[in-house]
Amino acid sequence: MSETANRPVGRRTFVLGSAAAAGTAALAGPLAATASAAGFGYSDDGSNYVVDTGASLVFKVSKTNGDLTSLVYKGTEYQGYGGKNSHIESGLGTSTVTIKQSGSTILISVAHGTLKHYYAARSGENNVYLWTNKADDSVSATRYIVRVKAGMFLNDEPDSYTYAPTTVEASDVFEKSDGQTRSKHYSKLRVIDYDYIGWSTGSVGLYVVRSNHEKASGGPFYRSLLRHQSADGGGLYEILYYGENQTEAQRFGLQGPYVIAFTDGSAPSSALYHANLTTSWADSLGISGYVAASGRGRVAGVGITGRNTAFPYTVGLANPAAQYWGPARASDGYFSIPGVLPGTYTLTVFKGELAVHTGSVTVTAGGTTTLNTIAIPSSNDPGNASAIWRIGEWNGSPSGFKNADLMTYAHPSDSRAASWTGNVVIGSGTETSAFPCYLWKDVNSGIVVYFKLTAAQTAAAHTLRIGVTTAYANGRPQISVNDWTSSIPSPPGQPSTRSLTVGSYRGNNHTFTYSVPASAWLSDTSQYNVLKINVVSGSGTTSFLSAGTSIDAIDLLT
């Protein structure tokens, strides 16, 4: 699924984008390198290297620390707010900075300890290409942030907080006077959903086109902050490693290219997207950790059987060094994942966001690893199990549950959220939409589900399953059915940071199973059985920061 927003804010708009949404909108400036572009070259002003792209963009990089100190597009300065530059993390400090020109390319190299960072310009383009090689954890480098002056691209969207003066959580979640919440965390998008993020005035666009994230962590469905607006200005991010609600260890190595792109107001050209971006011109620049296309391979699968065609399927590759993914074709499950570094990977097939198959695949440089049809065993998909009743779908996300869509871009206290309490009756037709997507120990623990059973069903024990997608502070469900109460389950491994309150339900999918004895059911089949779901934990604080969990699906099996 791709999500794109382009909503007017006065005369200005903001844009979050995907390849499917942008089509072939053109850049303000040619993509092809033009060595003869007027003015292309660089100079030294004493403190900075000054690069003129020969188009409409001139930028400066500090000779002392590698900060991007100026972004002048068509004569207007866009860089900087609060006295801060654009840079890795919060700035690297004293670094070794060098520059060289090779024909139609200028490369600035920044070395700070084991970390290497690069800026590149191409003649005739309004783009800055960036690479970052984090070799180890001796240098803190979790992001590159493009800092944009106040007033250039104002918006009042979920990831802004200019118009939200009241703090409702920590120092980064805010509330407006109408009760709507704002935070830099509320990007709404998963990594798989976007190719670029930025803003447009209609005549000027400023974007960051993301890298392929092969050295990032968290997989295709991971969410992190992408952008923010405040009274001081705006920020656009390329996340190199984001530790909040993280499901994987940090990967090291070269990330990029990612691109700072100026346009005539339209979305960036699709030729800049990570899936299409070719940088053969960078093959000989000497970028640390750079692997050319010839040193990479491809994985292709002829098809996937055993799919539920009502859901999208994604194929992911991952090992400790790299990660990749691609969509499976709806008609037959065919997939192709190019640009993969050589190595052996775990291949995972996801139904929605739920892993339903894993295998192993080895990739070689310059080759294509072709896989025969992958057959997903019926038992691998919990949605195939015969159920007396089911709430939600087994797809690895809380989609369809009450408040689920809102929670990717708002705080649970937001005025737009429906009540987090309320019980559910099986057979009402609104079981899923009436059941809250999240449960907290201090907010709505004790949600009740009413259901009836036939005489034959009451005569047997049944398995009740609750699927979750993440948990906060070890929150997990304990159930009771009428007078019978389950034991307290052990908490599964989940991220330890905030999640449910900062726009993310993505953790480690886990299924809790409860063997409910026949003696638990009511013998009178005209009466409703009462299932109560409590959240238990010895951790957490209060309200929406008490122990909690996100729901994938709940069912009672035949």
Side-chain angles (χ1 to χ4, degrees), residues 1-2 20 190-193 218-222 247-248 275 297-319 323-338 340 344-363 368-401 404 431-432 462-470 492 505-513 550-558:
M1 178 183 71
S2 294
R190 307 168 302 174
V191 177
I192 199 173
D193 294 327
F221 313 120
Y222 189 67
T247 58
E248 291 186 299
R298 183 170 73 99
V299 176
V302 299
I304 303 173
T305 60
R307 293 173 299 123
N308 182 335
T309 56
F311 299 90
Y313 282 72
T314 302
V315 179
L317 306 176
N319 66 19
Q323 61 171 6
Y324 307 90
W325 54 81
R329 192 161 61 193
S331 59
D332 56 9
Y334 168 83
F335 62 92
S336 177
I337 305 175
V340 180
T344 298
Y345 295 84
T346 297
L347 180 151
T348 304
V349 178
F350 297 94
K351 170 196 174 186
E353 299 184 23
L354 183 67
V356 292
H357 171 82
T358 59
S360 180
V361 61
T362 298
V363 180
T368 296
T369 302
T370 302
L371 303 177
N372 294 325
T373 298
I374 295 173
I376 302 173
S378 178
S379 59
N380 283 19
D381 183 349
N384 290 332
S386 179
I388 297 172
W389 53 260
R390 176 170 292 142
I391 303 174
E393 299 281 0
W394 290 95
N395 63 357
S397 81
S399 59
F401 285 89
E431 294 92 338
T432 302
H462 297 285
T463 296
L464 187 136
R465 303 185 300 182
I466 300 178
V468 302
T469 70
T470 194
Y505 56 78
R506 179 74 278 128
N508 296 312
N509 292 315
H510 180 81
T511 301
F512 294 94
T513 60
S550 170
I551 303 299
D552 179 10
I554 305 170
D555 56 20
L556 183 65
L557 301 186
T558 56

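Computed from heavy atoms alone, side chains included, the values below leave out hydrogens, waters and symmetry copies.
Side-chain atoms of Thr463 and Thr513 form no donor-acceptor pair, as typed in the model, at a separation below 3.5 Å.
In this structure, Ser336 and Arg298 approach most closely via the heavy-atom pair OG-NH1, 2.7 Å. Considering all non-hydrogen atoms of both residues, Thr432 and Gly392 come closest at OG1-N, 2.8 Å.
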- Output, in order, the C-alpha distance, side-chain angles, deciding distance and verdict of side chain to side chain contact (heavy atoms under 4.5 Å, CB included) for Glu353 and Tyr505. CA-CA 11 Å; Glu353 299 184 23; Tyr505 56 78; 2.7 Å; yes

- Query: Does the side-chain hydrogen bond (donor to acceptor under 3.5 Å, both in side chains) test come out yes or no for Thr305 and Thr373, once each step is laid out?
  - Reply: CA-CA 7 Å; Thr305 60; Thr373 298; over 6 Å; no

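With sequence neighbours left out, Asp381 forms a salt bridge (Lys or Arg N to Asp or Glu O under 4.0 Å) with Lys351.
Side-chain contact between Arg390 and Glu431 is absent, with no heavy-atom pair separated by less than 4.5 Å. Looking at heavy atoms from C-beta onward, Leu464 lies out of side-chain contact with Asp555 at the 4.5 angstrom threshold. The shortest side-chain heavy-atom distance between Thr344 and Asn319 does not fall under the 4.5 Å cut-off. Residues Val468 and Asp552 form no side-chain contact, since every pair of their non-hydrogen atoms from C-beta on lies 4.5 Å or further apart. Side chains of Ile304 and Val315 form a contact here, defined as non-hydrogen atoms less than 4.5 Å apart.
Ring to ring, Phe221 and Phe350 are close: their centroids are under 6.0 angstrom apart.
Of the possible polar contacts, none joining the Thr368 side chain to the Thr370 backbone as a donor-acceptor pair under 3.5 Å is found. In this structure, Arg506 contributes its side chain and Ser397 its backbone to no donor-acceptor pair below 3.5 Å.
Residue Gln323 places its CD atom among more than 12 non-hydrogen atoms of other residues, nucleotides or ligands, all under 6.0 Å distant.
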